[in-house]
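Report on the structure given below.
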Amino acid sequence: IDAKLKMFAGDTVYTVALQTHALDIGYILKMDTLLGPVTIKADVKGRNFNPATMSDSLVAVVESSQFRGQTDDNINVTATADSNVFTANVSIKDTALTLDLAAAASFVKGGEFITANAAIANANLQALNLVEEPVTVRGNLLAESKGPIMDLNARVRLGDLLFIKGEDAYRLDSLVVTSQSDSNSAKLAVESDLIRAKYEGNVKLPQIPKVMIAHVNRYFTIRDSAAVAADTVVIDSMAQFEMSLSIMPHPILTRFLAP
C-alpha cells in the first residue's frame, strides 16, 4: 500500500495505490468456504472525507479472485463519488462470466435512489459452481429503487433471458418484480411467462418470511414455539394480507428446471 495525504484548512487531498498478490480474503474474513485468494491493483484519488463534499475516483483491476471455488479473471472496476452521488462500472471478461454493469446511488435523506443496468453476455452456472449440469444463461438486468432502501420501493426487470442446456435453448422474454410500500401498506407483484405472484397487505415486505413461518407454525411445527412467539403476536394483532401465486407450464420449468 502506498498512501499520500495532504491536509489543508477545510480540505484534504489523498491518493492510495494498493496491490495484493493472492491475498486470502476468505481466511481473513473467516469465509474460506465462499471466498479465496485475490490479486488486485487499485488506485484511488480523492478530496475530502465528507460525503456531501467529497470527490473520489477509483480504478481497479482484479487480476484473479476466487468465489465458491471458482477462479475468475479480468475484472475491471471504475467508481466515483461526487457530492453524495456514487457511481460504479464493472466489466467481467471471464470464461465463466461475462458481463458489464453500470450502477449509481445516493443515500441522502429524502433523495435516496439506486439504479443498476447489467448486460449478461454469458453466465456459465456450472463453472460458477451454482448447478451440477452445464447450463448457460444470457440476458440483461435493470433495477431501480427510490427512497430508503428498507422501504423497498423498487422495480427489477430481467429481460431477454436465454437458458442454454446442452443443445436445447429456452427463452423467457422478461421477469418483472415491483414493490411499493408506505407507512400503512405494502405491495409486491411478479410478472412473467413463468410465474405470477401478487401480495398486498399491512405487513411490510421484509417481515413477510417471519409472518408466514409463524402462521404455518400454528398448524405444522417447523420451528420451536418460543422462537415464533413474537411473530405469532404480530399475526394475531395486526396482520392483514392477500397473496396469490400462479406457476405457468413454461418450457423452462417443464424441460429445464424440473424435467
Side-chain angles (χ1 to χ4, degrees), residues 20 22-23 25-26 31 33-43 57-81 85-105 113-145 154-179 190-196 248 250-259:
T20 70
L23 179 65
I25 297 295
M31 300 173 64
T33 59
L34 185 65
L35 303 174
V38 175
T39 298
I40 184 174
K41 293 180 180 179
D43 292 291
S57 66
L58 163 71
V59 177
V61 177
V62 182
E63 297 179 356
S64 176
S65 64
Q66 193 175 95
F67 178 75
R68 292 175 60 94
Q70 163 66 29
T71 299
D72 299 311
D73 302 319
N74 301 319
I75 303 175
N76 293 275
V77 180
T78 61
T80 64
V85 176
F86 305 89
T87 68
N89 290 275
V90 180
S91 177
I92 303 176
K93 309 295 182 185
D94 185 73
T95 55
L97 180 63
T98 302
L99 70 79
D100 291 292
L101 168 69
F113 76 87
I114 299 174
T115 63
N117 193 337
I120 306 168
N122 175 68
N124 187 326
L125 303 188
Q126 184 186 47
L128 293 170
N129 292 323
L130 298 176
V131 298
E132 294 182 357
E133 298 180 277
V135 176
T136 299
V137 177
R138 300 170 184 169
N140 56 64
L141 166 71
L142 176 62
E144 300 173 310
S145 173
R155 182 179 187 271
V156 178
R157 181 185 186 276
L158 288 166
D160 299 324
L161 292 171
L162 182 65
F163 295 79
I164 302 172
K165 183 179 181 182
E167 297 181 355
D168 299 322
Y170 309 98
R171 184 176 297 278
L172 185 66
D173 289 337
S174 67
L175 189 151
V176 180
V177 180
T178 58
S179 62
V190 180
E191 291 286 342
S192 76
D193 293 334
L194 177 64
I195 183 173
R196 293 177 185 173
M248 315 302 175
H250 193 282
I252 289 180
L253 178 64
T254 58
R255 301 179 186 174
F256 181 78
L257 296 178

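Heads up: numbering here begins at 1 and tracks the sequence. What you see below is based on every heavy atom in this structure, not just the backbone, and it leaves out hydrogens, waters and symmetry mates.
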Query - Student check: side-chain heavy atoms of R138 and I164 closer than 4.5 Å - result: yes
Requested in this report: Kindly indicate whether the side chain of L35, heavy atoms from C-beta on, has any atom under 4.5 Å from the side chain of F67.
Outcome: yes
Requested in this report: Please name the pair of heavy atoms, one in D173 and one in R157, separated by the smallest distance, quoted to 0.1 Å.
Outcome: O-NH2, 4.1 Å
Query raised in the report: For the side chain of T71 and the backbone of Q66, is there at least one donor-acceptor N/O pair under 3.5 Å apart?
Result: no
**Report entry** Residues in salt bridge (Lys or Arg N to Asp or Glu O under 4.0 Å) contact with E63, at least two apart in sequence or another chain
**Finding:** K41
Query raised in the report: Going through the distances and angles, do R155 and V176 end up as a side-chain contact (heavy atoms from CB on, under 4.5 Å)?
Result: CA-CA 7 Å; R155 182 179 187 271; V176 180; 3.9 Å; yes
Show every donor-acceptor pair shorter than 3.5 Å between a side-chain atom in residues 114-133 and any protein atom, with sequence neighbours excluded, or say none if there are none.
unit_1	atom_1	unit_2	atom_2	d
N122	ND2	T95	O	3.4
N124	OD1	Q126	N	3.2
N124	OD1	A127	N	3.0
Q126	NE2	E132	O	2.8
N129	ND2	R68	O	2.5
E133	OE1	K165	NZ	3.4

Requested in this report: Tell me, please, which residues at least two apart from L23 pass side-chain contact (heavy atoms from CB on, under 4.5 Å).
Outcome: T20, I25, I28
Query raised in the report: What residues, two or more places apart in sequence or in another chain, satisfy side-chain contact (heavy atoms from CB on, under 4.5 Å) together with D43?
Result: A17
Query raised in the report: Atom OG of S65 and atom CG of D73: how far apart are they, to the nearest 0.5 Å?
Result: 7.5 Å
Report summary line: The side chain to side chain contact (heavy atoms under 4.5 Å, CB included) partner of L141 among L99, L161, V156 is V156
Report task. Can you tell me which residue pairs pass the salt bridge (Lys or Arg N to Asp or Glu O under 4.0 Å) test with a partner in residues 89-101, sequence neighbours excluded? Result -> K93-D100
Query raised in the report: Residues in side-chain contact (heavy atoms from CB on, under 4.5 Å) with S192, at least two apart?
Result: L175, L194, I195
Report summary line: Minimal heavy-atom distance between A22 and T39, with the atoms involved, is N-OG1, 2.9 Å
Query raised in the report: When rounded to the nearest 0.5 angstrom, what is the spacing between CG in D160 and CG in N140?
Result: 5.0 Å
